[in-house]
Amino acid sequence: MPEQCDPRPYDALLLLSFGGPEGPDDVVPFLENVTRGRGIPRERLKEVGQHYFLFGGVSPINAQNRELLDALRTDFAEHGLDLPVYWGNRNWAPYLTDTLRTMVHDGHRRIAVLATSAYASYSGCRQYRENLADALTALQAEDLELPQVDKLRHYFNHPGFLRPMTDGVLASLAALPEEVREGAHLAFTTHSIPTAAADTSGTPADHTRGGEGGAYVAQHLDAARVIADAVRAETGVDHPWRLVYQSRSGAPHVPWLEPDICDHLEEAHAAGAPAVVMAPIGFVSDHMEVRYDLDTEATAKAAELGLPVARSATVGADPRFAAAVRGLLLERAAAERGGTPERCALGALGAGHDLCPVGCCPARTPRPAAAGADWLGPVAEAPA
């Protein structure tokens, strides 16, 4: 096997995602999975589920993950990479534990994991590691031989993630009326999270105070800057841009990252922006937060204001993203074999760590998390 296509020691790749309902009867049970342990009444979940019911009770995320699976398998086959790809979800079928059980029965013992979340945060990284730990503990209770799982590094600044989104922004600018195109503002959007969670995102060295946002905000700003610079280089126009947030949930008294995209559209309109391109850089695919919060809610707000808007594409199953996943896998495999592979990254922050250190994106309540420096295995308790 050519060195550049050698996946050893890995014998499989797991695509790990959030999951979503695939019909009206799935919506409330899915939301019960998402909010488990919070004591939210079923009637309240029905209200929250109205976003899904507007789309027939179907979240786009599962279909998009199937497309990404196909893209990964196609890319691997075209490059001679003989490695099976599996898919498991946190909150809906196919469930992570079921998928890992299948992988074990299929004989896999060293598994690389790609989470469909590109940035550091508790919900976007450590919680997936906690899910892996829970799944391994469940398999241990079944007396199965446990595999070693390694989560691939954050890819927010990988060229295969950023370049497709840059093309999406350029296409959205080109789709705007000519008379507003040159003055259009860029609103780079991502999921809002509590400021306390943002401040403790990333390694302990990344942690901040007072709502500065830690690694979560820094990584998004770095990605946004790379895209804005690339757009300027391509068009010759320096479009004003800002990082904004969407999809806030939770108690109103708890501070979350701001400004919200709808508030930002009002501010941009009041400031004289002739148009806005909304670029959802915080999301891998056009799932519900993109389809509802941007395509429905924010677009309606823009229409109310009389403000022309366009929404650029996420990376989805773009072949360049599939190639990036292959590159991340082979890079990590080479490092595990003791090599020093080239680590692709754009922007100022450089390539991220392979192994999450102790204290990285800590949980509110300490729980074991696999695929990190603090993982001691299913039997022992991991330190917080």
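In this chain, numbering begins with 1 at the start of the sequence shown.
Between the R337 side chain and the D6 main chain, a donor and an acceptor come within less than 3.5 Å of each other. Under a 3.5 Å cut-off, the side chain of R153 and the backbone N or O of D354 do not form any donor-acceptor pair. In terms of modelled atom types and a separation under 3.5 Å, the side chain of R225 and the main chain of G347 share no donor-acceptor contact. The backbone N or O of D11 lies less than 3.5 Å from a partner atom in the side chain of H108, making a donor-acceptor pair. One N or O on the side chain of H269 and one on the backbone of L305 form a donor-acceptor pair closer than 3.5 Å. A donor-acceptor pair is defined here as one N or O able to donate and one able to accept, closer than 3.5 Å; such a pair exists between the side chain of D199 and the backbone of G210. Between the Q140 side chain and the L146 main chain, no donor and acceptor come within less than 3.5 Å of each other. No side-chain donor-acceptor contact under 3.5 Å links E67 to the backbone of G316. In this structure, T299 contributes its side chain and L294 its backbone to a donor-acceptor pair below 3.5 Å.
A ring-centre distance under 6.0 Å is not found for H220 and F188.
To the nearest 0.5 Å, atom CD of residue E78 and atom CZ of residue R326 are 9.0 Å apart.
Y128 carries R90 over the face of its six-membered ring, with the cationic atom under 6.0 Å from the centre and within 45° of the normal.
Classified by interplanar angle (parallel below 30°, tilted 30° to 60°, perpendicular above 60°), the ring pair Y155/F321 is tilted.
No hydrogens or angles considered: nothing links the side chains of Q50 and Y292 as a donor-acceptor pair under 3.5 Å. Side-chain contact, S285 with Q64: a donor N or O sits under 3.5 Å from an acceptor N or O. In summary, the side chains of Y216 and T190 do present a donor paired with an acceptor at a separation below 3.5 Å, with no hydrogens or angles considered.
Under the side-chain hydrogen bond (donor to acceptor under 3.5 Å, both in side chains) rule, Y86 has a single partner from T99, T102, D106, which is D106.
Ion pair R126/E130 flagged as a salt bridge, since at least one NZ, NE, NH1 or NH2 atom sits closer than 4.0 Å to an Asp/Glu carboxylate oxygen.
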